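As C-alpha cells, the structure follows; a few thoughts come after it.
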Amino acid sequence: PQLGESVTEGQVVRWLKAPGERVARFEPVVEVLTDKVTVQVPSPAEGVLGAIHVGEGQTVPVGTVLAVLETEVAQAADAAAPASGPAPAPPASAAPPAPAAPGPAAAPVQARGLYSPAVRRLAQEYGVDPSRVQGTGEGGRVTREDVLRAAGVAEGGAAARVGSPGAAFAGGAEPPQREQPGGVAERDGEFTEQAPAPVRAVIARRMAESWAQVPHAWTMVEADVTALSALRDQLQGDFYRREGFELTFLPFAIRAAAEALREVPELNACWVDGRIRRFRAIHVGVAVGLEDGLVVPVVRHADRLSVVGIARAVHELVSKARAGKLSPDELQGATFTVNNTGALGSVLSRPIVPPGQGAILTTEAVTRRLVVLKDDQLAIRSILPLCLSFDHRLCDGVHALRFLQAVRRRLEAYGPGSPLT
C-alpha cells in the first residue's frame, strides 16, 4: 500500500491474521513499518486471507504484493457444492482447510517466512528446527520463549549454542572468556543480546546515514526568558481552563524559529545531489520521544500560526503520537526540526540533522542563574540555551548565528501583556 508521498519502502513487522482466517472489511491485517511510523494496514474487502508473500521482518518497495485476499471463496464453494454426496475439492486458489488437531508428538508447522528474525536467529544458535516447535503465541506462532524451551533452557540460560566457543563447556566446566569488539573480555552469560526493534533499527539506519553524509556544524546562544516566564505564568490559569493543557515554552520557540527562518532562509533548505534546495514553505517537525523510539510529526506552515495555534497543533500531534495514531501524512515534509530536550532536563545537546533537512534546533531546560546585567548589576534571571546543528554545506556559521540571534531576539521580546500572535 501507498503510505505517504515520500515513502518508497516498508518493513512487515507483524501479521495480525494467519492464512485461512476470515477478515472483515477495514479490519487490520498487517503492521508495516516505514521510516516514519508503524501503521496497521486494513483489509480492503471482506474475505479469507490466502497466501502470504512477504514474511515478518522483510523490507520491500511500495507496490509489492504482501498477501492474497480471497474475496468470494465461501460463496463460490457453496454454489458449486451438490445437494448431496461428498463435497468437491476446493479451488486451487482457496485457502487450505484447517489441519486436524495434532497428536501428542505432532507440532503445528509455521511457514518458514513467517518466523520473526529473533526466532530464526535463536533457532539457528541452538540448533532447533522451528517447524517442530509447539508455538504458544497468537495463532500458534512460535515465540523466542518456545525456541528456548525446546532447546532445554529458560531465557537467559546457558545452554550451548551450535558452533559457539562455549559448546564444549555445556557440561558445567568453566566457560572461556570471549574477546568483544571493544577489547573487553566477557564471560558467557554476563550480557544479553537481541535484535533491535523495527523502529529502533530504522532510527539507527537513518541517523548513521545522516552522520556519515552530512558535515555537521554546531553552535549555541542563551536567551534571557525572564519576561517570557512572567508572561507564561500570567496566562497559564486561563489558558489551561480554555484549552485543557498547559502552556509551555515550546510553542514560543517554534513560532520564533519559524519567523527566523523567513529572515534567514539559508537554513530552511537541504543538500540534494550537489545542489541546494530551498523550501518556500516552513514546516516544522517536532521531535516526540516515545518508549520504543522517536517520531517527528510536522506543524505545517508554522510561520502562519499564532503561538496559541502552534500550541494546539503540537498538543494534538503529541497526543496522537503517544496513542500510536499518527498518519503517514502527519510525518511528511518537515523542512526544519525543533527538539525540546529541555523537557527531560537537558541543558546542552548536539543533535543530528534529520535526513532531508538542513538544521535542527534544541530548546534546553530553563534554569535560574545569577548573571551580570549591562549596568554591572547582579540579578537572578531565567536562561534558555538554544543549540543548533546544521549542514555546513548549506551555509556558514554567520548564517547559523544570525538565525539563533533572530530566535533569541523574538523570545526576549515577550513579556507580561504581550499578545500570543
Side-chain angles (χ1 to χ4, degrees), residues 1-5 7-34 36-103 106-120 123 129-143 146-147 198 324-325 327-329:
Q2 181 63 49
L3 298 175
E5 58 184 15
V7 176
T8 59
E9 64 180 18
Q11 181 186 64
V12 173
V13 177
R14 182 166 64 106
W15 282 99
L16 306 176
K17 293 290 184 178
E21 287 192 66
R22 177 165 291 279
V23 295
R25 188 181 184 189
F26 302 133
E27 183 179 6
V29 175
V30 61
E31 288 183 356
V32 175
L33 172 71
T34 72
K36 304 288 186 180
V37 69
T38 300
V39 295
Q40 292 186 341
V41 178
S43 173
E46 181 180 358
V48 173
L49 186 64
I52 290 178
H53 292 274
V54 179
E56 294 177 355
Q58 290 184 260
T59 299
V60 292
V62 166
T64 301
V65 175
L66 300 183
V68 174
L69 183 69
E70 304 290 352
T71 55
E72 294 179 348
V73 173
Q75 296 89 329
D78 290 341
S84 61
S93 60
V109 177
Q110 187 178 29
R112 180 179 180 86
L114 297 184
Y115 297 118
S116 71
V119 166
R120 291 196 295 269
D129 181 359
S131 68
R132 303 183 65 82
V133 175
Q134 176 71 49
T136 61
E138 182 179 356
R141 293 183 180 276
V142 175
T143 67
D146 296 332
V147 175
K325 296 182 178 179
S327 69
D329 287 342

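Model, not experiment: these values are computed from the prediction.
- Judged by distance alone, with hydrogens and angles left aside, the side-chain atoms of Gln58 form no donor-acceptor pair with the main-chain N or O of Val12 at under 3.5 Å.
- Between Val32 and Gly10, the shortest heavy-atom distance links the atoms CG1-CA, 4.1 Å.
- Contact of the Val23 side chain with the Leu16 side chain is not registered, since no non-hydrogen atoms from C-beta on lie closer than 4.5 Å.
- Heavy atoms only, all atoms of each residue included: Pro19 and Gly50 are closest at CB-O, 3.5 Å.
- Scanning all heavy atoms of the two residues, the minimum distance from Asp129 to Val133 falls at O-CG2, 3.5 Å.
- Val29 has its side chain out of reach of Val41: every pair of non-hydrogen atoms, C-beta onward, lies at least 4.5 Å apart.
- Of all the heavy atoms in Trp15 and Leu66, the pair that sits closest is CZ2-O, 3.7 Å.
- Taking CD of Glu46 as the start and CZ of Arg22 as the end, the distance is 5.5 Å to the nearest 0.5 Å.
- Between the side chain of Gln11 and the main chain of Gly57, a donor-acceptor pair closer than 3.5 Å is present.
- Nearest heavy atoms, Ala24 versus Ser43: O-CB, 3.6 Å.
- For the pair His53 and Val65, the tightest heavy-atom approach, listed with the atom from each and the gap, is CB-O, 3.6 Å.
- For Ala45, the side chain to side chain contact (heavy atoms under 4.5 Å, CB included) partners two or more places apart in sequence, or in a different chain, are Leu69, Thr71.
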